[in-house]
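Input: a single structure, listed below in structure tokens.
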Amino acid sequence: MNKTDIKSLDLQELTEYLESIGEKPFRAKQIYDWIHVKLVSDYDEMSNLSKTLREKLKDETELINLGVIEERISAVDGTRKYLFGLSDGNIIESVLMKYKHGNSVCISSQVGCRMGCRFCASTLDGLERNLKPSEMLDQIYRIQKITGERVSNVVVMGSGEPLDNYDNLLRFIRLLTDDNGLHISQRNITVSTCGLVPKIRALAGENLQITLALSLHAPNDQVRRELMPIARTYELKDVLEACQEYFEKTGRRLTFEYSLVKGVNDNLQEARALADLLKGHQGHVNLIPVNPIKERDYVQSDKKAIQSFKEYLERKGINVTVRREMGRDISGACGQLRRGFLSSEMKESEGKV
Ligand code: SAH
């Protein structure tokens, strides 16, 4: 029998669940508070519950907790990278970045990914499975608990395509922003997508105030298709129309992510095409010097090319920043830590045979 995933229930559902097992409804608020505010990882820490109730909950529910497999702390900027173990043996990674405006956590939304972006390490072995809302939440809960510092911003930019795990993502956002829980402001949450048009349109209708980031990476369909297989399914024109709908319905400006790959999308002709493409769109461009992965031969653009690309966009009145690389001393971004770990495990087990 599948046990109830208690950390994925909202307060209303938890109340109904407790009633269904013959408990008083006020217990729900107490338990919700232990899970989502005090962030405890064991029913035995819930000291205002009777032992009988704690035992009953242990029998009938699953309290999802991630185990820390590895923690790396950057000596350069205090960035921390975590490898977390899930109860089925899968492994995911999350990152804590420290900024002046607060602590930001980058979480994974899936184990692996099926979008196939050419430069991305998370997708090399395809999708393993979706993460549950509780598994997304617990990346933040564990990090806040370990550091003892409040997490104020969350970016869903780790492994996985969040809009390919839509229902769980929405439930996660509602739990994370619930004022009975950690109560992180919707405006401090960013969801990054490779551009699943129907899902962007659906998200526009959810009455949320989160920031949507679109992985653009090219100024036209031809270059985009080279880098991102999803561009064969959705044309840029339709992706940008969906983004415009998101802006109109929510009033939230978009972020356009553009990873600069030497000789592929980084010359001034492309900067010009990008400026034209984004004319009339409310948003901000985030240039990301591509993080080379060993399985592909993409190379980071030269500093000079990045600067010229940026200056060109600025001259065209586009709001643009170059993403600062965080935690460079503790292994690359975007699924590379997990991948490094899995392949070293594999080598080890091969060695044993
Ligand atoms: N699936 C989501 C989240 C992916 S990760 C999406 O596609 O947006 C967040 C961003 O990092 C995306 O823009 C992604 O394209 C980019 N990215 C992935 N691997 C990268 C790499 N090796 N170098 C630079 N950017 C990368």
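Ligands are counted one by one from 1 in listed order, and the atoms in each one are counted from 1 as well. Any value given below was found using the heavy atoms of this structure, including those in side chains, with hydrogens, waters and symmetry copies removed.
Heavy atoms of Leu214 found under 4.0 angstrom from ligand 1: none, in either backbone or side chain. The proximity of Met115 to ligand 1, defined as any non-hydrogen pair under 4.0 Å, does not occur for either the backbone or the side chain. Residue contacts with ligand 1, taken as heavy atom pairs separated by less than 4.0 Å, involve Glu257 solely via side-chain atoms from C-beta onward.
Residue contacts with ligand 1: Phe119 is placed with a nitrogen or oxygen under 3.5 Å of a nitrogen or oxygen of the ligand (distance criterion only).
Under the 3.5 Å distance criterion, the side-chain polar atoms of Glu270 are matched with a main-chain donor or acceptor of Asn267. Proximity of a side-chain donor or acceptor of Asn168 to a complementary backbone N or O of Leu131 within less than 3.5 Å is detected.
Residue Asn48 qualifies as enclosed at atom CG: its count of foreign heavy atoms under 6.0 Å is above 12. Environment of CG in Asp297: sparse, with no more than 12 heavy atoms of neighbouring residues, nucleotides or ligands closer than 6.0 Å.
The aromatic rings of Phe84 and Tyr82 sit parallel, their planes meeting at an angle under 30°, below the 60° perpendicular limit.
Per-residue contacts place His217 under 4.0 angstrom from the following atoms of ligand 1 (heavy atoms of the residue considered): 13 (O), 14 (C), 15 (O). Distances below 4.0 Å separate heavy atoms of Met157 from the following atoms of ligand 1: 5 (S), 9 (C).
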Worked verdict on Glu206 versus Leu170 for side chain to side chain contact (heavy atoms under 4.5 Å, CB included): CA-CA 9 Å; Glu206 300 283 359; Leu170 277 208; 3.1 Å; yes
Trace of the side chain to side chain contact (heavy atoms under 4.5 Å, CB included) decision for Glu257 with Met157: CA-CA 11 Å; Glu257 294 163 282; Met157 285 192 184; 3.6 Å; yes
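Note on ligand 1: Met228 sits outside its first shell, no heavy atom being nearer than 4.0 Å.
When the heavy atoms of Gly195, Gly160, Cys194 are ranked by distance to atom 3 (C) of ligand 1, first place goes to Gly160. Of the options Cys120, Ser215, Gly158, the smallest heavy-atom separation from atom 4 (C) of ligand 1 is shown by Gly158.
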